[in-house]
Amino acid sequence: MKNKSQLMLTTLFIAFGGEASAIAESIRDERVLPATAADFSLGDYQSAEERLSPLLKTMLDDSDLKNMLRAGEGRDYNELSVLGSGSRSRENLGNGHGAIVETKLLSKPIVYRTSPFVHEYFERGITNDISFDYRRLGLGAEHTIAGVGTVQAEIQQEFFHHPKTSFAASTQLSMNDDWALRANADSNALAVPLVARYSGISGWSTGIGASWRASELLAIHADYSQLMMSDNNTRREIAVRGTATLIQGPIYKGTSGIEFAAASNSLENTAYFNPKNKHTAQMSYTSDWLTYRRYSRSFANRLILAFGRHAEHGFASGNIGSVGYEARADLNGAMAVGFGVGFVRRIYSGAVSSGPEAHVGFNWKFL
């Protein structure tokens, strides 16, 4: 009876999408693995609940069972995420500023691990001469592949001077404990500068990336993207970033980072920021510390310092950098809020653009 209960706990944990627990390790043999792979490869929630019912009567106080119940409940919640940010305009609109609000409502799974969602993106650009708003609404679905990753697809409708319906898809896959892959495509990419959209320009983007984690303390990330715009400009970007955790403790963690990035455009002298090529090298140090934690409630802080050099075709290189503070409060197991403020220094076409930035976020899981 004991072995049977252990087997049921193990298969339940896999069905809910968790990783193997100590119980699973103790019975990982030739008899258990084939049955687990065959019965739960689809992550059937109904089967998990059926196997869970008898255990609730006899093993309710078991800690592993409680963890599985908590994991299952979290995946059965709807999730609302809202992120708002204000910054120096990334399209080099002189003294312009930008504001972005992004909202996503993710439903609980309705078929196996597939969750539908509604997604809204809003952006406002303000310059000395004009101000304009850009908005798009999307409807899509997110599917979780047990033990592998997620796949997401979305149909989008924009509401602007030149309304357009588009399609976007992305995936994130964990190949093993060391390697992770990601890819995305968007037939009307948000990477198109807002000032270019104002002139009726759109663009198709694709991107790929990979991450390699040498250990719990060292990781390397690489990404490549290509944006093909309707004015016949093709923008290519590549970035390589490495992070190393220098200090790791129960309350404080210190992480250093280094990043190299390059970008090129096939057209020059456009109405939007569009250098022939540019290169950036930057170093950073991130301090994370936990101020308070009690059960599911916590308050954490982050301080980020960054400094680097920016080189652009036709202009002298210059210093760039930023300093920022972020805070996050987990109010309970279902609600979290966060905010961040900072000061940045960037360079566009040889001109320095510096000033404050801020963002605020909200996440709520509900039945």
Side-chain angles (χ1 to χ4, degrees), residues 16-19 21-22 63-64 66-88 99-106 172 174 177 180 211 213-221 241-259 282-308 320-346 354-367:
F16 279 127
E19 298 181 359
S21 66
S63 60
D64 290 288
K66 289 182 178 179
N67 290 335
M68 294 175 209
L69 287 171
R70 190 176 297 112
E73 290 173 354
R75 287 164 177 79
D76 283 338
Y77 284 173
N78 304 295
E79 183 174 358
L80 174 65
S81 300
V82 181
L83 177 63
S85 61
S87 68
R88 308 291 299 180
I100 298 173
V101 178
E102 190 166 6
T103 305
K104 183 176 181 179
L105 177 59
L106 180 68
Q172 297 187 35
S174 297
D177 291 341
S211 297
R213 187 171 298 277
S215 67
E216 292 294 327
L217 305 179
L218 180 64
I220 299 176
H221 314 274
R241 179 171 57 93
T243 59
T245 300
L246 305 180
I247 304 174
Q248 177 75 66
I251 296 178
Y252 178 83
K253 181 175 75 172
T255 305
S256 64
I258 184 169
E259 180 176 2
Q282 188 165 259
M283 299 183 66
S284 64
Y285 185 80
T286 303
S287 296
D288 291 288
W289 69 98
L290 183 65
T291 302
Y292 170 83
R293 170 171 288 171
R294 182 175 177 81
Y295 299 106
S296 59
R297 297 186 296 273
S298 66
F299 183 79
N301 306 266
R302 170 174 290 181
L303 181 64
I304 307 171
L305 303 175
F307 176 80
I320 58 173
S322 64
V323 56
Y325 168 79
E326 299 176 0
R328 176 183 172 89
D330 287 303
L331 306 181
N332 50 48
M335 185 179 295
V337 295
F339 73 92
V341 294
F343 187 90
V344 300
R345 174 188 167 95
R346 301 191 181 100
S354 60
E357 289 189 343
H359 66 266
V360 60
F362 172 77
N363 184 273
W364 177 37
K365 295 181 179 180
F366 60 96
L367 293 175

TODO: Write out all pairs satisfying side-chain hydrogen bond (donor to acceptor under 3.5 Å, both in side chains) with one or both partners inside residues 332-345, taking only residues at least two apart or from two chains.
DONE: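 The answer is none; no pair qualifies.
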Any residue meeting side chain to side chain contact (heavy atoms under 4.5 Å, CB included) with [X], in chain and number order, not counting sequence neighbours:
{"X": "E326", "value": "R302, I304, H359"}
{"X": "Y292", "value": "R294, R297, F299"}
{"X": "I258", "value": "F260, M283"}
{"X": "A306", "value": "Q282, S284, S322"}

Partners passing side chain to side chain donor-acceptor pair (under 3.5 Å) against [X] (at least two apart in sequence or in another chain):
{"X": "Y325", "answer": "N301"}
{"X": "S174", "answer": "none"}
{"X": "S256", "answer": "none"}
{"X": "E102", "answer": "H119"}

TODO: Please name all residues satisfying ring-ring contact (aromatic ring centres under 6.0 Å, His included) with W364, sequence neighbours left out, ordered by chain then number.
DONE: F366
Task: Of T245, T286, L290, the residue whose pairing with K253 passes side chain to side chain contact (heavy atoms under 4.5 Å, CB included) - done: T245
Can you confirm whether [X] sits close enough to [Y] that some side-chain heavy atom of one is under 4.5 Å from a side-chain heavy atom of the other?
{"X": "L80", "Y": "T103", "answer": "yes"}
{"X": "D288", "Y": "Y252", "answer": "no"}
{"X": "E79", "Y": "N363", "answer": "yes"}

Task: Over 12 foreign heavy atoms within 6.0 Å of CG, L246 - done: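 Yes.
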Task: Pairing residues for R328 by the salt bridge (charged side-chain N to carboxylate O under 4.0 Å, His left out) criterion, not counting sequence neighbours - done: D330
